[in-house]
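Written out below as structure tokens is the structure these notes cover.
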Amino acid sequence: MSENTMPDNTMSEQTQGDVPAYEPNSIEPGIAARWVEDKAYELEGELDDDTYYALTMFPYPSGDLHMGHVEIFSIHDALVRQKRMLGLRVFNPFGWDAFGLPAENAAKKRGVDPAAWTYANIEQQADSIKRLGFSFDWSRRLHTCDPEYYKWTQWVFLQLFDNELAYRKEAMVNWCPGCQTVLANEQVIGGRCERSDDLVVRRPLTQWFFRTTHYAQELLDALPTIDWPDRVKLMQRNWIGRSEGAELSFRTADGADDVPVFTTRPDTIFGATYFVFAPEHPVVARRMADEPGYEAFIEEVQLRSEIERQATLGSGQIAKRGLRLNFDMVNPFTGENIPAYAADYVLMDYGTGAIMAVPFGDQRDFEFAQANGLEIRAILAPADGGDPAAADPTTMTEAYTEYGIVTNSGDYDGLSTADAKNKIMDDLEAKAWGKRTINFRLRDWLVSRQRSWGPPVPIIHCETCGPQGVPVEDLPVRIPADLNYQVDGSPLAMHPTWKFVVCPLCGGEGIRDTDTLDTFVDSSWYFLRFLSPNDNTMPWPKDAANAMMPVDQYTGGVEHAILHLLYARFVVKALRDIGHFTASEPFNALLNQGQVILNGSAMSKSKGNLVQPFEVVDLYGADTTRATILFASAPEDDIDWADVSPSGMYKWLGKLWRQTMIEIAASANTDVADHTGSAEAVEKLRRAVHTRIAAITDDYAKHKFNTVIAKLMEIANSAREAAAAGVHGAAQREALESLLLMLAPIAPFITEELWSRLGHEGSIHSQIFPVADPALLVKSSTTIVVQVNGKIRARLTVAVGLSAGDTERIAREDDNVAAALAGVTVKNVFHVQDRLLNFVV
RNA sequence: GCCCGAGUGGCGGAAUGGCAGACGCGGAGGACUCAAAAUCCUUUGUUCGAAAGGACGUGUGGGUUCGAGUCCCACCUCGGGCACCA
């Protein structure tokens with residue numbers, strides 16, 4: 001390469017008149033269309049053990065994509081594209097969680113067909129996703145509202161029904177007046193509906209449940225086996241809420257009823273000075289039926305509890321009111337008669353619905369006892385060092401919840417709390433008064449909804465045969481096309497003819513169940529349907545399920561921590577036990593992205609603070625939009641759109657574009673295998689590139705896309721510096737091409753375009769991710785820090801591998817170090833190889 | 001109230017117990033331009049100093065360590081989860 005064929009670099013960077021401009025919106029749409037036409041990301045061949053299953057939470061089609069979608073798909077796509085470049089066969093399907101209330105609300109308010117509304121939104125989102133270049137496998141697309149899909153949702157329901165994991169019962173359930181339907185416990189947030197924010201009321205209704213409690217222990221035990229964020233695992237652990245204790249019975253004073261209670265503190269039983277039932281407890285209901293005031297009390301409690309819950313949220317103070325019952329109970333250990341109460345602080349659906357009240361050791365009982373003038377009996381003394389006044393009923397101001405030494409408890413006096421617990425439980429079991437028990441906070445999942453835009457519960461009710469599953473050959477039970485959505489209540493239930501059928505067992509009169517399944521049922525198994533979304537003969541092939549499950553990498557929002565993510569785990573365990581595959585968990589690894597917010601608060605239509613993704617895309621292109629999001633912070637952190645700078649990212653991509661174009665021009669008529677520039681400058685550039693390749697590979701593995709981009713910027717800076725020093729040709733191309741390859745998962749369009757302009761055939765996205773040359777990672781010299789008493793006195797460049805003695809000798813030659821050491825005695829010297837030397841004086 | 005998590009420049013954020021502030025945004029100055037935009041270059045934690053150089057600095061107070069943004073204890077603030085769970 002001769003000097004005069006090389007354009008002067010400074011000149012070309014300043015003029016750049018001959019370099020085509022970076023115009024993302026003129027190149028991106030064509031490339032996006034080509035990827036779809038070429039079926040570039042459709043996986044061919046078998047779904048086998050070697051296939052990597054990547055999945056992102058499928059969206060609900062409420063309108064066009066919002067920023068949150070663009071964020072999660074940008075994270076997911078960067079991850080997926082990089083995995084492909086590492087040589088993995090990646091299965092990356094996509095679909096829509098398309099059943100839900102907004103479609104039904106649109107139908108009710110505006111008279112549109114919910115299906116038409118839904119599919120129109122889906123098409124709009126699909127177009128946007130393609131425009132943004134997300135590399136999903138479109139051949140596996142599914143929508144949960146397709147009859148071809150919900151046929152199998154109904155089949156899943158029937159599998160659980162046939163195996164006694166789906167059942168119907170009357171229970172006090174959460175009713176949302178706004179949505180006109182019942183809700184699962186997981187959908188009630190702070191007493192309000194997760195969707196509409198209406199105050200939820202409690203009603204007794206007969207509903208369908210999935211027996212999630214059957215798997216409570218396994219759902220808890222398996223948490224350590226999955227690679228999920230600790231935060232999510234902790235939320236599930238708390239939601240499942242396992243507690244160990246004892247169940248034992250108290251007898252009524254008249255000897256007629258035995259009433260079981262659950263306690264985690266059997267050691268405090270001698271302090272049980274009264275007894276409390278949940279207001280609706282059956283024993284209370286029977287014995288109090290004729291008492292004046294009982295009915296009123298029940299009503300008052302139900303009304304009051306909701307209001308008080310709201311009024312006292314966050315205060316930690318809840319008034320405890322109760323009703324003295326017309327009978328007493330007997331404490332089995334003391335033999336004493338103790339008064340019985342009904343009070344709303346005891347819940348019917350936790351434990352046994354009744355408690356032994358120990359005001360000394362439980363804050364709620366303490367408050368209730370004070371309010372009602374009941375005895376507070378000390379049954380524990382603080383261990384050494386404790387404050388005796390805190391455990392003295394005459395002076396204590398709150399319950400004594402610490403452990404200590406048992407007192408006033410007969411034979412158990414003098415034992416520690418832990419020993420007394422064990423001994424009392426041993427004795428309970430020996431006397432057959434009770435047994436060791438484990439209680440869970442988790443309840444069964446209520447799955448039926450009084451709505452119509454969802455899969456109808458595939459059950460036919462028969463007066464003689466009871467509820468019967470719809471035979472598989474009759475699935476799907478379709479939503480009728482002629483529903484009237486303008487009615488109050490459930491359109492499906494009010495259809496004049498739909499529900500009248502014959503019983504599949506006896507052939508007599510049958511009535512369809514008019515409820516539909518919760519949308520979370522749809523999404524609790526969709527990752528299985530992706531394995532064969534177009535096969536109408538089975539839900540999924542067992543072989544493929546065994547090979548592919550669990551999903552290797554799942555990405556999505558933390559808002560589903562105890563909803564979707566818990567339900568999917570339950571459904572997989574249930575289907576495993578029924579025999580449909582061997583996997584025990586749906587998602588092996590989980591990445592939770594943060595939220596996109598604006599000026600500190602969540603974006604929402606009602607607040608009018610939405611940033612529409614396409615405002616950004618239309619201005620700067622998809623690459624800039626994607627890279628801006630990934631550069632703003634680590635994926636798990638929230639992004640405040642007020643703080644991010646798409647224009648900054650756009651500038652950088654433009655700079656990279658020009659830099660690459662200039663190099664293409666600079667090396668146009670030369671042999672790119674050769675390079676110009678000094679050997680030192682070339683080596684410096686190559687070292688910079690290869691150390692970054694190693695670091696970036698690492699950052700990708702940790703999903704730290706923000707530092708990936710920072711290091712790519714460093715390569716660009718090094719390459720520009722080298723170009724200014726006259727380095728062109730092979731070393732410069734190596735730098736730029738490595739950069740483009742490593743940027744490709746993040747900004748797929750500009751890298752594709754520049755890759756081809758650099759003269760390469762084929763897509764950059766089917767290349768192999770760069771590998772660092774180990775030889776270029778070995779340094780010959782390094783900068784060490786010399787400290788005196790931990791304060792930095794000098795930075796010296798020395799050869800690597802120096803001994804402590806040699807390093808010290810060189811360090812002492814430095815003027816600054818010598819000055820700091822003058823007149824003092826060095827007591828010790830710490831040496832960290834190739835990094836640091838610390839004189840302790 | 002209980003349980004998690006987090007506090008680093010004007011801003012977003014980097015930092016296997018070993019050079020705090022990588023990378024970028026924003027700011028300042030300059031080059032190019034008739035001018036502006038775009039682009040390029042320099043500079044940018046605070047403070048003392050003409051400079052060389054020094055001091056201070058990761059929410060607060062202690063501690064461990066030769067050495068702490070990083071580990072431990074207490075507290076403050078913010079964010080999240082749960083909320084009468086016996």
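B:G13 sits 14 Å from B:G69 when the C1' atoms are compared, rounded to a whole Å. Between the P atoms of B:C40 and B:G24, the separation comes to 12 Å (whole Å). Across B:G49 and B:A15, the matching P atoms stand 36 Å from one another, rounded to whole Å. Spacing between B:U44 and B:C25 at atom P, rounded to whole Å, works out to 16 Å. Comparing the C1' positions of B:U46 and B:G63 gives an interatomic distance of 28 Å, to the nearest angstrom. Going from the C1' atom of B:C72 to that of B:A28 covers 44 Å, rounded to whole Å.
Here the closest heavy-atom approach between residue A:Met356 and residue A:Phe275 is recorded as CA-CD1, 4.3 Å.
Contact of the A:Ile597 side chain with the A:Trp641 side chain is not registered, since no non-hydrogen atoms from C-beta on lie closer than 4.5 Å.
Contact between the side-chain N/O atoms of A:Ser243 and the OP1/OP2 oxygens of B:A86 is found at a separation under 4.0 Å.
Both distances falling under 3.5 Å, in either a Watson-Crick or a G-U wobble arrangement, place B:A6 opposite B:U77. When both distances must be under 3.5 Å, the Watson-Crick or G-U wobble mate of B:G49 does not exist. Searching all strands for a Watson-Crick or G-U wobble partner of B:C82 with both distances below 3.5 Å returns B:G1. Within the shown strands, nothing qualifies as a pairing partner of B:C34 under the Watson-Crick or G-U definition with both distances less than 3.5 Å.
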**Base-contact (B) and sugar-phosphate-only (S) positions in nucleotides 22-29 of chain B, heavy-atom cut-off under 4.0 Å, - elsewhere** = BBSSS---
**Request:** Sugar-phosphate means primed atoms, P, OP1 and OP2; the rest is base. With that split, encode nucleotides 67-74 of chain B 5' to 3' as B, S or - using protein heavy atoms under 4.0 Å.
**Result:** --------
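Panel note: side chain A:Asn592, backbone A:Gly556; a donor-acceptor pair is recorded below 3.5 Å. Side-chain atoms of A:Tyr400 never come within 3.5 Å of backbone atoms of A:Asp362 as a donor-acceptor pair (strictly under, hydrogens ignored).
With RNA chain B read from its 5' end, the first of the two nearest nucleotides for A:Ile562 and A:Phe830 is the one closest to A:Phe830. When each of A:Asp699 and A:Arg795 is assigned the nucleotide of RNA chain B with its nearest heavy atom, A:Asp699 is the one assigned upstream, toward the 5' end.
A:Asp349 and A:Arg202 are joined by a salt bridge, as a carboxylate oxygen and a charged side-chain nitrogen come within less than 4.0 angstrom of each other.
Residue A:Asn717 forms a side chain to side chain donor-acceptor pair (under 3.5 Å) with just one option from A:Glu714, A:Glu721, A:Arg720, and that option is A:Arg720.
Residue contacts shown for A:Lys233 are absent, as no nucleic acid heavy atom lies under 4.0 Å away.
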